[in-house]
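The structure appears below as structure tokens.
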Amino acid sequence: MLTMAFGFLVALASTATAEDSMTDLGVTGSNGDLVVGGGKVAVAAGDRIVMADTTGKIEGVVTGLSDAFSLAMTADGSRLYAASQGSNEVAEIDTATREITRRIDLSDFPCPSTLALTGERLWVGYGGCGGDKGVLGLDLSAAVPQPSPFGNPLPVGPLLAAAGDTLVVGEGAGSPTDLFVYDLSGAHPVLRGEIDGHAQDNHRLADVAVTPDGSHVISAFAIPYSFDVWDATTLTKVRGYQGPSFDGYPMAVAISSDGSFIAGARDIGTAMTLYDAASGAVIRTEDTPVGEVVRGSVAFSGRDVFSLLKTPTDQLILWRLHDVTLPPSTLTLTAAPGGTAREPLTLTGRLAFADGTAPGARPLIVTRTLPDGTSAELPPATSAADGTFTFTDTPPVGGQITYTVRWDGGSGHRWSKASATAAVRYGTTLTLSGPTSAVVGNALIFSGELQAEGTTPPRKVWITIQRTRHADGDTVRWQEGITAFGSYMFDDTPDVGEYTYTVRWGGDSRTGAAEASQAVTVHEPDE
């Protein structure tokens with residue numbers, strides 16, 4: 001059962017950029033379903049459906065539902081269907097207004113648990129929470145759609161997927177687990193055959209999908225730990241999409257609208273893997289820092305992949321992998337060592353494409369994060385023809401300062417970003433006070449302080465004293481200690497002449513260098 005959290009929690013990542021994002025949906029629960037269509041994302045959440053756009057921004061909620069468990073959406077995103085287990089009905093929803101436009105009674109087929117949509121026919125798997133279990137069809141073009149059950153009773157609640165003229169009905173639990181494939185080309189579903197779980201050694205079905213043309217079925221069985229492709233006509237296995245041996249059970253699978261890519265999620269290890277559908281090659285793997293993928297909750301939206309995550313505290317998170325099907329790009333960033341607050345700091349980097357092509361001039365977004373966590377966007381940088389770039393910043397404070405550079409990607413390559421942390425020394429000031437003129441033979445007494453902005457100044461260190469005579473440039477140097485209070489004092493008794501006294505602090509790993517000077521004239525006594 002899903003329950004509302006008290007207010008939306010803090011978003012885990014911004015959804016206004018071209019980056020991947022994670023958005024807290026403000027609900028908690030152990031289950032959920034996700035569908036995407038027409039630039040809209042819908043997530044089933046108990047007594048409501050959370051609606052978002054395809055940047056991950058939450059647009060609102062659909063209410064008036066009782067335990068919404070499974071969803072289906074038209075390709076244009078205009079209509080949404082929700083299987084409501086609590087009221088034994090299917091709700092039809094206008095996504096523009098987020099209002100329920102009609103309710104289809106399924107009281108004779110209780111506990112609708114899975115949906116699949118082909119044109120104006122909605123396929124419903126029922127019995128997921130007890131009682132008789134099976135599949136029925138609904139003609140959505142009718143004013144009052146009438147349930148039309150078909151097929152044999154099932155031992156467990158079914159999982160459904162449909163596309164083209166193919167409907168697959170999978171046993172949603174059990175070991176071994178069977179798949180039943182139906183032909184939808186006629187007025188009524190016709191069974192093509194069965195993919196026998198015992199013969200194929202398939203166990204514990206988590207999800208199933210059908211290629212857009214209906215020619216193949218993709219299964220996500222816990223065993224044999226792979227996402228397998230089956231010919232929807234011959235019902236023979238074509239290939240398997242494997243993961244690393246240490247990865248967990250398959251949890252969800254989806255195929256892109258053009259049939260080129262397959263996204264498969266697992267419960268532990270690599271959270272999401274993108275495969276080339278034709279060859280089975282791994283194109284990209286993505287991990288998540290929070291929770292695990294909810295069973296059956298992966299969907300493509302153009303070049304993006306959406307999924308639903310559940311945290312250890314059962315918070316539901318919308319995970320968006322942006323432009324994941326594009327060839328990758330990479331960014332590197334390096335900060336020059338020895339930076340000091342309020343002094344220019346140079347950073348260099350490079351944008352590169354995996355296919356080796358030259359990136360050319362590309363706009364890069366630059367962000368600086370100070371030690372207190374506050375961030376600010378800096379003037380943008382631009383890459384050169386070979387992808388290299390340089391920019392300069394004057395950090396206002398010392399400490400660990402992080403710079404981030406992001407390229408928002410393009411039609412040919414995926415976005416990328418890189419960060420570099422500069423150990424910026426705190427700005428330091430050194431004061432010098434003393435006489436500007438004196439009679440020869442009298443001691444000149446000088447004093448001052450060493451201070452560092454934003455941190456405690458160095459204590460019990462040495463500063464260099466330099467006396468330079470203007471007439472001949474004769475220079476004398478010595479050192480004086482800084483007290484525990486940051487102050488110092490020294491005296492000197494020079495001959496007649498004009499002098500400049502300079503005090504210098506060379507800096508250390510934490511504070512920058514500083515110096516101060518004062519001119520003094522030493523003269524004979526007045527007669």
Side-chain angles (χ1 to χ4, degrees), residues 1-2 29 31-33 35 42 44-49 62-74 79-94 99-162 165-174 177-192 194 205 207-208 210 295-296:
M1 179 65 65
L2 291 148
N31 294 295
D33 192 23
V35 291
D47 65 348
R48 64 196 61 218
I49 297 170
V62 179
T63 58
L65 300 165
S66 177
D67 196 10
F69 194 80
S70 180
L71 302 174
M73 187 184 290
T74 57
R79 286 177 292 154
L80 175 67
Y81 296 89
S84 182
Q85 290 188 341
S87 56
N88 295 321
E89 63 185 3
V90 169
E92 183 181 73
I93 299 157
D94 184 328
E99 296 292 333
I100 297 174
T101 55
R102 63 176 171 175
R103 298 175 185 268
I104 303 171
D105 180 31
L106 296 179
S107 56
D108 291 337
F109 306 92
C111 202
S113 55
T114 54
L115 301 178
L117 182 65
T118 55
E120 288 297 318
R121 293 196 288 182
L122 183 67
W123 312 102
V124 183
Y126 61 90
C129 46
D132 294 338
K133 302 168 182 66
V135 185
L136 59 86
L138 293 171
D139 180 1
L140 299 175
S141 65
V144 181
Q146 297 300 311
S148 178
F150 61 93
N152 296 323
L154 297 171
V156 294
L159 295 180
L160 306 183
D165 289 332
T166 298
L167 168 70
V168 59
V169 177
E171 295 174 348
T177 311
D178 299 330
L179 298 176
F180 302 92
V181 181
Y182 288 85
D183 190 319
L184 302 179
S185 60
H188 303 284
V190 175
L191 181 66
R192 288 183 190 153
E194 172 187 353
L205 180 66
D207 197 14
V208 64
V210 178
R295 171 177 161 171

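What you are looking at is a predicted structure, and each value in this text was computed from that prediction instead of being measured.
Sorted by first and then second residue, the pairs that involve residues 110-121 and meet salt bridge (charged side-chain N to carboxylate O under 4.0 Å, His left out), not counting sequence neighbours, are Arg79-Glu120. Sorted by first and then second residue, the side chain to side chain donor-acceptor pair (under 3.5 Å) pairs with a member in residues 142-161 form an empty list; sequence neighbours excluded. Listed by first and then second residue, the disulfide (SG to SG under 2.5 Å) pairs involving residues 110-141 are Cys111-Cys129 (not counting sequence neighbours). Among residues at least two apart or in separate chains, there is no salt bridge (charged side-chain N to carboxylate O under 4.0 Å, His left out) pair with a member in residues 148-160. Pairs passing the salt bridge (charged side-chain N to carboxylate O under 4.0 Å, His left out) check and including a residue from residues 100-117, sequence neighbours excluded, read Glu89-Arg103, Glu92-Arg102.
Shortest non-hydrogen contact noted between Ile100 and Ala91 is CG2-CB, 4.2 Å. Of all heavy-atom pairs spanning Pro147 and Pro145, the tightest one is CD-O, 3.9 Å. Nearest approach of Ala68 to Ile49, heavy atoms of both residues: CB-CG1, 4.4 Å. Among all heavy-atom pairs drawn from Pro158 and Gly125, the shortest one is CG-CA, 3.6 Å. The two residues Arg295 and Leu205 have their closest heavy-atom pair at NH2-O, 3.4 Å. Across all their heavy atoms, Ala116 and Leu167 have their closest contact at CB-CD1, 4.5 Å.
Taking CG of Leu80 as the reference point, atom CE of Met73 lies at 4.5 Å (rounded to 0.5 Å). Note that the CG atom of Leu184 and the OG1 atom of Thr118 stand 5.5 Å from one another [nearest 0.5 Å]. A distance of 8.0 Å separates OG1 of Thr101 from CD1 of Ile93, quoted to the nearest 0.5 Å.
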Taking distance alone, no hydrogens or angles, what donor-acceptor pairs closer than 3.5 Å link side-chain atoms of residues 134-144 to residues at least two apart or in another chain?
unit_1: Asp139; atom_1: OD1; unit_2: Ser141; atom_2: N; d: 3.1
unit_1: Asp139; atom_1: OD1; unit_2: Ser141; atom_2: OG; d: 2.6
unit_1: Asp139; atom_1: OD2; unit_2: Ser141; atom_2: OG; d: 3.3

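Shown here are the side-chain hydrogen bond (donor to acceptor under 3.5 Å, both in side chains) partners of Thr177, two or more places apart in sequence or in another chain: there are none. Judged as a side-chain hydrogen bond (donor to acceptor under 3.5 Å, both in side chains), and not counting sequence neighbours, Ser113 has no contacts. For Ser70, the side chain to side chain contact (heavy atoms under 4.5 Å, CB included) test picks out Asp33, Ala83, Thr114, Leu115, with sequence neighbours left out. With sequence neighbours left out, Ser185 forms a side-chain hydrogen bond (donor to acceptor under 3.5 Å, both in side chains) with Asp183. Annotation: side chain to side chain contact (heavy atoms under 4.5 Å, CB included) contacts of Ala161 (sequence neighbours excluded): Val168, Val208, Val210. With sequence neighbours excluded, the residues that form a ring-ring contact (aromatic ring centres under 6.0 Å, His included) with Phe109 are Tyr126.
Counting heavy atoms from C-beta on, the side chains of Asp178 and Leu154 never come closer than 4.5 Å.
Within a 6.0 Å radius of CG in Asp94, other residues, nucleotides and ligands contribute more than 12 heavy atoms.
If you run ring-ring contact (aromatic ring centres under 6.0 Å, His included) between Trp123 and each of Tyr81, Tyr182, Phe150, only Phe150 comes through.
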